[in-house]
**Student:** 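Supplied in structure tokens, the structure appears directly below.
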Amino acid sequence: MWNELTKVLFKSGSVPWTASLVLFAFGLPYPALGQQTPNATVHTETETGSKLTKTRSGYENVPQFGGPNSVGGQVKSDDEVRKAPYWFEGLSQTVQPYYDFKARVKKNHGLSFGADYNLVYQGASESLGEDNAAGGVLRFYGTWSLLGRGSQDKGAITFKVENRHRLGTDIAPQQLGGEVGYAGLTAVTFSDAGSLLTNLYWQQSFNNNRLALVAGIVDVTDYVAVYGLVNPWTDFINLVFSTDPTIPAPNQGLGTAVWGTIADNYYVLAGFADANADPHNPLDGFDTFFNDHEFFKHIELGWFGSWENRFTDNIHLTAWQVDDRDAALIPGGWGMAFSFSRKFDDRWLPFVRAGYSDGSGGVILERSVSIGVGYFLTTRSDEIGVGLNWGRPSEVTFGPDLDDQYTAEMYYRFQLFQHASVTPNFQYLADPALNPDEDSIWVAGLRARVVF
């Protein structure tokens, strides 16, 4: 097994200069395990449940409608002080005025913002076409609170712009699954789509944040069927462990959703969005939304353990339906998805997720079951994830008589220091449905993220 993985990563001529750059930039010798992060200068400390959360710019109360991968969730997570084996004390002191500036902007103007650059390299052991891919994504995002600052019932504009691109290879990582004959995506978000407007919506909370709505240019994967390891920038990168592969989530575009609590620990989420959205040309969305009337609709009922842990301690059932898309020649469809996750001992996060669809609507899988676990180190901000999936490809999308396929993914996210992490990632694809001559394929990857 290790010989095969080694050949994937280091086969002659397969690793582009971008992957070499990542290895050079982040491949520093690991320190002794006993080395700890010195105390950092933090801007605020707030009590969250039973844990003391330290932040750099005071972003603990940023409005957040969606899950960990939403803008609100991302800026909060990025602002937390990280425990890492490396600590560039001089760099941290140099950068702290930037965090102080962000804190003043939030205090004076209600604007919380962040940026990141993400890059990934993946290489496959076997392929029908290309066997390696590298890509990068540059993002700028934030939330501007204009109403109700200092209260639970805020009104805010949320925005996010991105540039997704290839890096030195013929294909982007999002295309690698198709190249190897796998019915799915080995890298969800790393495409060659170029510049995109992926969020621009108004968010409003009511009744002490027990009711909230969003309207504008939304990304339904920010809030539909989410759980604690859904973030493709920091957690699992394969589609089967991120957004449910039996849900045909549309591209980012015009939509609306409402979220409300029932009693103390139950919630309902419902909404709809343009099924023909195109984040390349967001203005065209007004035509498709108001004239074509082809929508993706969803409703979700769920339970959470506490407000602070509403994505890690979460059980929900999601139902969806999508209309026929006449211009795209894609028939409408419907389906349901279930998710269970519960964090134990503040370290272990097991999950079980399952999805069913009628196979229409452009779904990749018509049946899917995923199980796995995340492990969070207590001595530093590293994270380990392991997941297993069984999936049945959609006959409507890919044709009849395809074999079921199996997917395994394992990753270890090293938090190198406050502003950067690197994540080795291994995927095992058994019985790839579109490549019946291969019983199994290894995909080895390296992902890096730098936060600003």
**Student:** A quick test of your reading: do over 12 heavy atoms of other residues, nucleotides or ligands sit less than 6.0 Å from CZ of Phe286?
**Tutor:**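 Result for CZ/Phe286: open.
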**Student:** Without hydrogens or angle criteria, can the side chains of Asp219 and Thr198 be said to hold a donor-acceptor pair below 3.5 Å?
**Tutor:**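 Side chains of Asp219 and Thr198: no pair found under 3.5 Å.
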**Student:** I want to check a possible cation-pi pair here: Arg310 against Trp303, using under 6.0 Å from ring centre and within 45° of the ring axis as the test.
**Tutor:**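 Judged by the rule (NZ or CZ under 6.0 Å from the ring centre, within 45° of its axis), Arg310 is not positioned above Trp303.
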**Student:** So which atom in Pro68 and which in Gly228 form the shortest heavy-atom distance, rounded to 0.1 Å?
**Tutor:**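 Smallest heavy-atom distance, with atoms named: CG-O, 4.3 Å.
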**Student:** Give a yes or no on whether the ring-centroid distance for His298 and Tyr223 is below 6.0 angstrom.
**Tutor:**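 Ring centroids of His298 and Tyr223 are less than 6.0 Å from each other.
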**Student:** Would you please say whether a donor-acceptor pair under 3.5 Å links the side chains of Asp244 and Thr246?
**Tutor:**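 Checked: Asp244/Thr246 side chains pair up, N/O donor to acceptor below 3.5 Å.
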**Student:** Identify which one of Phe290, Phe289, Trp320 satisfies the ring-ring contact (aromatic ring centres under 6.0 Å, His included) criterion when paired with Phe295.
**Tutor:**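 Result: among Phe290, Phe289, Trp320, Phe289 is the only option passing the ring-ring contact (aromatic ring centres under 6.0 Å, His included) with Phe295.
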**Student:** For the backbone of Gly142 and the side chain of Ser112, can you confirm whether one donor and one acceptor N or O come within less than 3.5 Å of each other?
**Tutor:**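 Side chain of Ser112 to backbone of Gly142: no pair is present.
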**Student:** Counting only heavy atoms not in Phe101, do more than 12 sit closer than 6.0 Å to its CZ atom?
**Tutor:**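 No - once you tally the heavy atoms of other residues, nucleotides and ligands closer than 6.0 Å, there are 12 at most.
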**Student:** Could you tell me the separation between the CG atom of Asn118 and the OG atom of Ser421, rounded to the nearest 0.5 Å?
**Tutor:**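 So the CG of Asn118 and the OG of Ser421 are separated by 8.0 Å.
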**Student:** Quick one: are Asn389 and Arg353 in side-chain contact, heavy atoms under 4.5 Å?
**Tutor:**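 No, every pair of side-chain atoms sits at 4.5 Å or beyond.
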**Student:** So do Glu130 and Thr169 actually touch side chain to side chain, heavy atoms under 4.5 Å?
**Tutor:**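 SC-SC contact between Thr169 and Glu130 ruled out.
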**Student:** Examine Trp442 together with Phe426 and report whether their ring centres are nearer than 6.0 Å.
**Tutor:**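 Ring-ring flag for Trp442/Phe426: false, centres at least 6.0 Å apart.
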**Student:** Hey, what do you get for CZ (Arg149) to NE2 (His109), rounding to the nearest 0.5 Å?
**Tutor:**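 Answer rounded to 0.5 Å: 8.0 Å.
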**Student:** Could you walk me through whether Arg342 and Asp313 pass the salt bridge (Lys or Arg N to Asp or Glu O under 4.0 Å) check?
**Tutor:** CA-CA 4 Å; Arg342 187 71 186 268; Asp313 295 351; 3.6 Å; yes
**Student:** Scan Phe140, Tyr201, Trp202 and name whichever one has a ring-ring contact (aromatic ring centres under 6.0 Å, His included) with Phe159.
**Tutor:**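 That would be Phe140; it is the only one of Phe140, Tyr201, Trp202 passing the ring-ring contact (aromatic ring centres under 6.0 Å, His included) with Phe159.
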**Student:** Do Asn163 and His165 have a side chain donor and acceptor closer than 3.5 Å?
**Tutor:**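 Asn163 vs His165: donor-acceptor pair found between side chains.
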**Student:** So which heavy atom on Gln74 is nearest to which on Arg139, and how close?
**Tutor:**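 In terms of heavy atoms, the two residues are closest at OE1-NH2, 3.4 Å.
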**Student:** Just checking, is any N or O donor in the side chain of Tyr141 or Glu162 under 3.5 Å from an acceptor N or O on the other one?
**Tutor:**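 Per modelled atom types, Tyr141 and Glu162 side chains form no pair under 3.5 Å.
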**Student:** If you compare all heavy atoms of Val62 against all heavy atoms of Gly72, which two are closest, and at what distance to 0.1 Å?
**Tutor:**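 Nearest heavy atoms, Val62 then Gly72: CG1-CA, 4.3 Å.
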**Student:** Would you call Ile247 and Phe296 a side-chain contact if the rule is heavy atoms closer than 4.5 Å?
**Tutor:**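 A side-chain contact exists here, since the closest heavy-atom pair is under 4.5 Å.
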**Student:** Does atom CZ of Phe206 have more than 12 heavy-atom neighbours from other groups under 6.0 Å away?
**Tutor:**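 Counting other residues, nucleotides and ligands, CZ of Phe206 exceeds 12 neighbours.
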**Student:** State, to 0.1 Å, how close Phe398 and Pro393 come at their nearest heavy-atom pair, and which atoms those are.
**Tutor:**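 Minimum heavy-atom separation between Phe398 and Pro393: CD1-CB, 4.1 Å.
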**Student:** Identify the two heavy atoms, one from Asp358 and one from Gly332, that lie closest to each other, and give their separation to 0.1 Å.
**Tutor:**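 For Asp358 and Gly332, the tightest heavy-atom pair comes out as OD2-O, 4.3 Å.
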**Student:** Which pair of heavy atoms, one from Gln204 and one from Asp153, lies closest together, and at what distance?
**Tutor:**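 The pair with the smallest heavy-atom distance is NE2-O, 4.0 Å.
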**Student:** Looking at side-chain heavy atoms only, is the closest gap between Val443 and Leu176 below 4.5 Å?
**Tutor:**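 The answer is yes; the side chains approach within 4.5 Å.
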**Student:** Hey, are the side chains of Leu239 and Ile364 touching, using non-hydrogen atoms and a 4.5 Å cut-off?
**Tutor:**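 Yes - at least one pair of side-chain heavy atoms lies under 4.5 Å apart.
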**Student:** Are Asn276 and Arg325 linked by a side-chain donor-acceptor pair shorter than 3.5 Å?
**Tutor:**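 Distance-only check passes for Asn276 and Arg325.
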**Student:** Just checking, is any N or O donor in the side chain of Thr288 or Asp274 under 3.5 Å from an acceptor N or O on the other one?
**Tutor:**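 Their side chains do contain a donor-acceptor pair, which is all the 3.5 Å distance test asks for.
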**Student:** Would you say Glu409 and Asn425 are linked by a side-chain donor-acceptor pair, where the criterion is simply a distance under 3.5 Å?
**Tutor:**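 On atom types as modelled, these side chains qualify, holding a pair under 3.5 Å.
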**Student:** How far apart are the C-alpha atoms of Glu300 and Tyr267, what are their side-chain angles, what is the distance that settles it, and do they pass the side-chain hydrogen bond (donor to acceptor under 3.5 Å, both in side chains) test?
**Tutor:** CA-CA 8 Å; Glu300 181 172 305; Tyr267 70 91; 2.7 Å; yes
**Student:** Can you check whether Val105 reaches Trp144 side chain to side chain, under 4.5 Å on heavy atoms?
**Tutor:**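 No, every pair of side-chain atoms sits at 4.5 Å or beyond.
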**Student:** May I ask you to decide whether Asp116 forms a salt bridge with Arg449, counting only side-chain N to carboxylate O separations under 4.0 Å?
**Tutor:**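 The answer is yes: the pair qualifies as a salt bridge.
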**Student:** Consider side-chain hydrogen bond (donor to acceptor under 3.5 Å, both in side chains). Of Asn209, Asn208, Asn207, which one does Ser205 pass it with?
**Tutor:**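 The residue from Asn209, Asn208, Asn207 that satisfies side-chain hydrogen bond (donor to acceptor under 3.5 Å, both in side chains) with Ser205 turns out to be Asn209.
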**Student:** For Arg447 and Ile237, run side chain to side chain contact (heavy atoms under 4.5 Å, CB included): C-alpha distance rounded to whole Å, both residues' side-chain angles, the deciding distance at 0.1 Å, then the answer.
**Tutor:** CA-CA 9 Å; Arg447 178 179 50 180; Ile237 197 172; 3.8 Å; yes
**Student:** Under 6.0 Å from the six-membered ring centre of Phe113 and within 45° of its axis: does the NZ or CZ of Lys102 meet both?
**Tutor:**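 Geometry flag: set, cation within 6.0 Å and 45°.
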**Student:** Output yes when Asp79 and Lys54 qualify as a salt bridge under the 4.0 Å nitrogen-oxygen rule, no when they do not.
**Tutor:**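 The answer is no: the pair does not qualify as a salt bridge.
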**Student:** Could you state the interatomic distance from CG (Leu301) to OH (Tyr266), rounded to the nearest 0.5 Å?
**Tutor:**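 The CG atom of Leu301 sits 11.5 Å away from the OH atom of Tyr266.
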**Student:** Would you check if the side chain of Ser341 reaches a backbone N or O of Phe351 as a donor-acceptor pair within less than 3.5 Å?
**Tutor:**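 Flag not set: sc Ser341 to bb Phe351 has no pair under 3.5 Å.
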**Student:** Side chains of Asp235 and Asn231: donor-acceptor distance under 3.5 Å anywhere?
**Tutor:**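 Result is no, nothing qualifies.
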**Student:** So, taking the atom named CG in Asp278 and the one named CG in Asp287, what distance separates them when rounded to the nearest 0.5 Å?
**Tutor:**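 Result: 12.0 Å between the selected atoms.
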**Student:** Side chains of Ser370 and Ser368: does their closest heavy-atom pair fall under 4.5 Å?
**Tutor:**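 Of all side-chain heavy-atom pairs linking Ser368 with Ser370, at least one is under 4.5 Å.
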**Student:** With no hydrogens and no angle check, do the side chains of Gln415 and Ser381 hold a donor and an acceptor under 3.5 Å apart?
**Tutor:**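 Not at all, the side chains of Gln415 and Ser381 share no donor-acceptor pair under 3.5 Å.
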**Student:** Charged N to carboxylate O below 4.0 Å: is that the case for Asp100 and Arg56?
**Tutor:**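 Not counted as a salt bridge, because no side-chain N and carboxylate O are separated by less than 4.0 Å.
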**Student:** Show your reasoning for whether side chain to side chain contact (heavy atoms under 4.5 Å, CB included) applies to Gln122 and Thr186.
**Tutor:** CA-CA 9 Å; Gln122 290 185 326; Thr186 61; 2.9 Å; yes
**Student:** Does any non-hydrogen side-chain atom of Val422 lie less than 4.5 Å from one of Tyr412?
**Tutor:**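 Heavy-atom side-chain distance check fails, nothing below 4.5 Å.
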**Student:** Please report the C-alpha distance between Tyr121 and Phe190 in whole Å, then the side-chain angles of each, then the deciding distance to 0.1 Å, and finally whether the ring pair (Phe, Tyr, Trp, His ring centres under 6.0 Å) criterion is met.
**Tutor:** CA-CA 10 Å; Tyr121 167 78; Phe190 289 86; over 10 Å; no
**Student:** Is there a donor in the side chain of Asp192 and an acceptor in the side chain of Gln175, or the other way round, less than 3.5 Å apart?
**Tutor:**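 Side-chain D/A pair, Asp192 to Gln175: absent.
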**Student:** Does NZ or CZ of Lys343 lie under 6.0 Å from the centre of the six-membered ring of Phe376, at an angle within 45° of the ring axis?
**Tutor:**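 Yes, cation above the ring, under 6.0 Å and within 45°.
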**Student:** Stepwise, does the side-chain hydrogen bond (donor to acceptor under 3.5 Å, both in side chains) test hold for Asn314 with His316?
**Tutor:** CA-CA 7 Å; Asn314 181 284; His316 66 251; 2.7 Å; yes
